[in-house]
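Shown below is the structure under consideration.
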Amino acid sequence: MTNSQQDAMSLIESVLSGNRLALSRLLSQIENETSSGMAALRALFPHTGKAHLIGVTGAPGTGKSSLVNQLARGFRLPEEGKTARKVAIIAVDPSSPFTGGAILGDRIRMRDLAGDSGIFIRSMASRGSLGGLASATAGLVQVFDAAGYEIVLIETVGAGQGEVDIARLAHTTLVVEAPGLGDEVQAIKAGILEIADILVINKADRPGVENTERALRGNLELAHPTPRYFKNRGHTKKPAQNRDQAGQAALTTFWLPPIKKTVSTEGVGITEVLDEIDRHRDYLLQSGDWEIRDKARLQAELENRVRQMLFKDWQDSLPETEYRQTLDALFERQVSPLEAAEKLTGLKR
Ligand SMILES: Nc1nc2c(ncn2[C@@H]2O[C@H](COP(=O)(O)OP(=O)(O)O)[C@@H](O)[C@H]2O)c(=O)[nH]1
Ligand SMILES: [Mg+2]
């Protein structure tokens, strides 16, 4: 065994025995892609595949962090008859007010969670490239999954393609909207309505909720459930032949994203969102889409990692001056971008 493998093994043992400091160290190693971090990922991977990954995305200020806090609380302190689940939170939004493991939001309500060892919060430093962010996030998710966190909540700012990539990590994606952020519905503007499994109109205590709901509903009917939508999400579209004996369409035939209203600062509507999350999980498992999404996620991570590895390898092997000279030639339009790429990679198109 190499030193980094040994380091990784002892760290993994501590993590699996519930040591939070070790967990925190391992997460940093994975974020920084150290060799013992990568060795740990290899060793942990066979223990993954159990966690329910829940993406929470939407424009800044819609209340994602507040909602995530409330959902975490709900998973930890469930209604009677349900068991508490271990929750990890990954805040990809660098501006998220999760600091030092403190749970913000309504402090009075959250006080009963202080010191709860069943919650772990991690903020991600932002990365140069979105691909890097997606890989790093995938690595953290795998650690939490292997460490027995049954729920992994991933908060991202809804800002376009990068969001869609990270949302691909999730089994269930919540898109958060809020009234009164201008005339337009942010999720529609950002093109992230299509990735929603559950739509949440947060700040339902604010004026304009009805307008937001109407706009969302109208757009949902356009967006769901089209074949393209199902294809994009790695879904199989189950045809209506899947009927039970009473001739009713089976409940699992397809999923139409529900719209739920919440006031996250007050904890209003949270139970309903939690119920929808569990209902979506049941739907995924019964329809076989859980497995399909898992495979789509793993394939996306593989391809993302290949892209990054090859690019980095190429970058490292390239003399700085050659790159500069080619760039200059490109800027002076002496070579085209394609020619420059062929020259720098030695490949032909
Ligand atoms: N009125 C109202 N304010 C809220 C609600 N949820 C969050 N906020 C406030 O909106 C602001 C932004 O919330 P935050 O959770 O940080 O949003 P994020 O940027 O989407 O993560 C904070 O000041 C919250 O206290 C809500 O349901 N109603
Ligand atoms: Mg936030």
Side-chain angles (χ1 to χ4, degrees), residues 27-35 37-38 41 55 57-62 64 90-96 122-141 154-170 173 175 181-195 228 231-234 296-349:
L27 295 172
S28 298
Q29 293 197 5
I30 282 161
E31 254 198 275
N32 298 324
E33 300 197 332
T34 66
S35 51
M38 296 301 102
L41 268 190
T57 190
T62 49
K64 297 179 296 299
I90 303 174
V92 180
D93 174 3
S95 68
S96 264
R122 183 77 182 188
S123 290
M124 294 271 297
S126 63
R127 291 270 160 151
S129 76
L130 284 165
L133 192 59
S135 296
T137 307
L140 300 197
V141 166
I154 308 161
E155 179 190 342
T156 59
V157 196
Q161 187 55 43
E163 295 316 305
V164 178
D165 287 348
I166 292 171
R168 268 185 222 284
L169 274 170
T173 299
V175 170
L181 291 176
D183 290 343
E184 294 189 65
V185 174
Q186 304 295 314
I188 298 170
K189 207 166 95 185
I192 54 172
L193 194 64
E194 268 199 55
I195 63 170
R228 190 162 78 90
K231 194 159 159 280
N232 286 347
R233 295 295 277 135
R297 181 178 68 251
L298 292 174
Q299 188 177 347
E301 190 192 342
L302 166 73
E303 289 171 7
N304 191 17
R305 292 223 183 248
V306 168
R307 246 190 309 276
Q308 283 188 76
M309 285 162 78
L310 291 179
F311 187 80
K312 182 156 191 310
D313 224 37
W314 166 78
Q315 218 173 20
D316 290 349
S317 70
L318 195 69
E320 176 75 30
T321 48
E322 193 187 336
Y323 189 54
R324 271 269 121 227
Q325 283 163 6
T326 311
L327 263 188
D328 288 342
L330 172 66
F331 294 161
E332 280 160 32
R333 289 192 150 67
Q334 291 163 0
V335 293
S336 72
L338 176 61
E339 282 170 317
E342 287 182 334
K343 182 165 173 288
L344 291 174
T345 58
L347 299 171
K348 277 268 168 272
R349 279 292 161 274

- Between V92 and E155, does a side-chain contact (heavy atoms from CB on, under 4.5 Å) hold up when you go through it step by step? CA-CA 6 Å; V92 180; E155 179 190 342; over 6 Å; no
- Message: For Q299, is the CD atom crowded, meaning more than 12 foreign heavy atoms sit under 6.0 Å from it?
- Response: no
- Item | Non-hydrogen side-chain atoms of W314 and L310 separated by less than 4.5 Å | no
- Among residues two or more places apart or on two chains, list those pairs meeting salt bridge (charged side-chain N to carboxylate O under 4.0 Å, His left out) that have a residue in residues 323-335. R324-D328
- Using a 4.5 Å cut-off on heavy atoms from C-beta on, say whether the side chain of L344 contacts that of E322.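 E322 reaches L344 side chain to side chain.
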- Counting only heavy atoms not in M38, do more than 12 fall under 6.0 Å of its CE? yes
- Task: Check for a donor-acceptor pair, side chain of N32 on one end and backbone N or O of S28 on the other, with a separation under 3.5 Å.
- Result: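 Yes, because the side chain of N32 sits within donor-acceptor range (under 3.5 Å) of the backbone of S28.
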- Is there a donor-acceptor contact under 3.5 Å linking the side chains of S336 and E339? yes
- Message: Which residue is it: E33, R307, E301, Q308? I am looking for the one with a side chain to side chain donor-acceptor pair (under 3.5 Å) to S135.
- Response: Q308
- Message: Which heavy atom of T57 sits nearest to which heavy atom of K64, and what is that distance?
- Response: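 Looking at all heavy atoms of both residues, the shortest contact is C-CD, 3.6 Å.
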- Task: Return yes if a side-chain donor-acceptor contact under 3.5 Å exists between R122 and T137, otherwise no.
- Result: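 Distance-only check fails for R122 and T137.
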- Message: Quick check: do V306 and N304 have side-chain heavy atoms less than 4.5 Å from each other?
- Response: no
